[in-house]
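Structure incoming, see below.
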Amino acid sequence: MKAPLKISIVHAIVGLLTFVIFLQTGWYMKTNDIGNLSDAHRMIYRAGHIYFLFSGLLNLSIGLQLQFSKVPWKKKVQYAGSILLLISPIIFLYGFYQEANIGQIDRAMTRIGIFLSLAGTGLHTLIFFIGLIKKTEN
């Protein structure tokens, strides 16, 4: 069963919007002389920049390929995964602008964004593999 148009379109739009904002965060780093910071501080900005792109690409790929299960509990798990993936770019963007300024390696919000991305992708992957196993058993 194809995903309802709404959630897959939301994923695709979030993915594309994240890419556009990713370009803006690159411009922000260029125009604010991030290159003149210490190596460690500059790498914190770059990592946040790449994490943000990563979350957008995850959303874009899910949005282009999402197919919901016909089994209600599996569908709920997929929706939960989608919600986690849709939240992650917001968390990463916050981390880029707020936590990178501090310059500390321990960034709580960025860590949360990583775990949200992992959990969301994991939930979608789990349902995919359960469906794949069921197909091979038949």
Side-chain angles (χ1 to χ4, degrees):
M1 177 171 153
K2 242 349 212 158
L5 192 58
K6 292 178 186 174
I7 192 85
S8 59
I9 285 180
V10 170
H11 272 295
I13 289 171
V14 166
L16 291 172
L17 184 60
T18 299
F19 179 73
V20 170
I21 296 171
F22 166 79
L23 297 175
Q24 187 276 329
T25 59
W27 175 81
Y28 173 85
M29 290 192 308
K30 181 117 175 126
T31 58
N32 285 290
D33 290 328
I34 301 301
N36 293 333
L37 297 174
S38 69
D39 288 346
H41 200 169
R42 188 174 67 250
M43 293 312 291
I44 289 170
Y45 270 101
R46 284 188 178 173
H49 183 61
I50 297 302
Y51 287 146
F52 185 66
L53 174 63
F54 153 80
S55 67
L57 294 175
L58 282 175
N59 274 290
L60 183 59
S61 64
I62 289 288
L64 297 176
Q65 300 183 50
L66 183 59
Q67 292 186 356
F68 278 108
S69 174
K70 294 177 184 174
V71 180
W73 74 266
K74 291 181 184 178
K75 190 181 215 179
K76 288 178 184 175
V77 171
Q78 288 175 301
Y79 270 110
S82 288
I83 290 167
L84 296 175
L85 286 171
L86 289 167
I87 293 170
S88 67
I90 298 164
I91 301 295
F92 284 127
L93 190 60
Y94 174 86
F96 178 82
Y97 283 110
Q98 298 301 316
E99 293 180 328
N101 285 334
I102 298 169
Q104 294 179 348
I105 292 177
D106 184 30
R107 297 175 292 159
M109 291 303 285
T110 299
R111 186 178 329 109
I112 290 169
I114 292 168
F115 290 141
L116 289 175
S117 297
L118 175 64
T121 303
L123 291 174
H124 279 286
T125 303
L126 175 69
I127 297 304
F128 173 80
F129 279 121
I130 289 172
L132 197 60
I133 291 168
K134 295 286 184 186
K135 285 181 184 178
T136 58
E137 289 176 353
N138 294 334

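For clarity, every value in this text was computed on a predicted model and none was experimentally measured.
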Next on the checklist: Rounded to the nearest 0.5 Å, what separates atom CG in L64 from atom CG in N59?
Outcome noted: 10.5 Å

Checklist outcome for this item: On a heavy-atom basis, the closest approach of H124 and S82 is NE2-OG, 3.1 Å

Next on the checklist: Please determine whether residues F54 and M43 belong to a single hydrophobic cluster, defined as Ile, Leu, Val, Met, Phe, Trp and Tyr linked transitively by side-chain heavy-atom distances below 4.5 Å.
Outcome noted: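 Unlinked, F54 and M43 end up in two clusters.
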
Item to check | Separation of L132 CG from T125 OG1 (nearest 0.5 Å) | outcome: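 T125 OG1 to L132 CG: 11.5 Å, rounded to 0.5 Å.
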
Next on the checklist: Can you give me the closest heavy-atom contact between S88 and G113, atom names plus distance?
Outcome noted: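 What the structure gives for the nearest pair is CB-O, 3.9 Å.
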
Checklist entry - With ILVMFWY side chains joined below 4.5 Å, transitively, what does V71's cluster contain besides itself? => result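 Members alongside V71: W73, V77, I83, L84, I87, I91, Y94, M109, I112, L116, L123, L126, I127, I130.
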
Checklist entry - How many angstroms lie between atom OG1 of T18 and atom CZ of F92, to the nearest 0.5 angstrom? => result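 The CZ atom of F92 is 10.5 Å from OG1 of T18, to the nearest 0.5 Å.
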
Item to check | Minimum-distance pair of heavy atoms, taken over all atoms of R107 and I44 | outcome: NH1-O, 3.3 Å

Checklist entry - Are there more than 12 heavy atoms of other residues, nucleotides or ligands under 6.0 Å from atom CZ of F115? => result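 For F115, atom CZ is not crowded (no more than 12 foreign heavy atoms under 6.0 Å).
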
Checklist entry - Among the clusters formed by ILVMFWY side chains lying less than 4.5 Å apart, do L93 and I34 turn up in the same one? => result yes

Checklist entry - Any link between W27 and I50 through a network of hydrophobic side chains (Ile, Leu, Val, Met, Phe, Trp, Tyr) touching at under 4.5 Å? => result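 Result: no, two separate clusters.
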
Checklist outcome for this item: Output for pair (Q67 CD, S8 OG), nearest 0.5 Å, gives 10.5 Å

Item to check | For Y45, ring pair (Phe, Tyr, Trp, His ring centres under 6.0 Å) partners two or more places apart | outcome: H41, F96

Checklist outcome for this item: Taken to the nearest 0.5 Å, the spacing of Q24 CD from M29 CE works out to 10.5 Å

Item to check | Residues that D39 engages under salt bridge (charged side-chain N to carboxylate O under 4.0 Å, His left out), provided they are two or more places apart | outcome: R42

Checklist entry - Rounded to the nearest 0.5 Å, how far apart are CG of L53 and CG of L60? => result 10.5 Å

Checklist outcome for this item: For S117 and L85 the tightest heavy-atom approach is O-CD2, 3.8 Å

Checklist entry - Do side-chain atoms of T121 reach the backbone of L118 as a donor and acceptor pair under 3.5 angstrom? => result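 Answer holds: no.
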
Item to check | F52 versus F22, closest heavy-atom pair with distance | outcome: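 The answer is CE2-N, 3.5 Å.
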
Checklist entry - If Ile, Leu, Val, Met, Phe, Trp and Tyr residues are connected whenever their side-chain heavy atoms lie under 4.5 Å apart, and connections chain through other members, are Y51 and L17 in the same group? => result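 Shared cluster, yes.
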
Item to check | Path from Y28 to L37 over hydrophobic side-chain contacts below 4.5 Å | outcome: yes

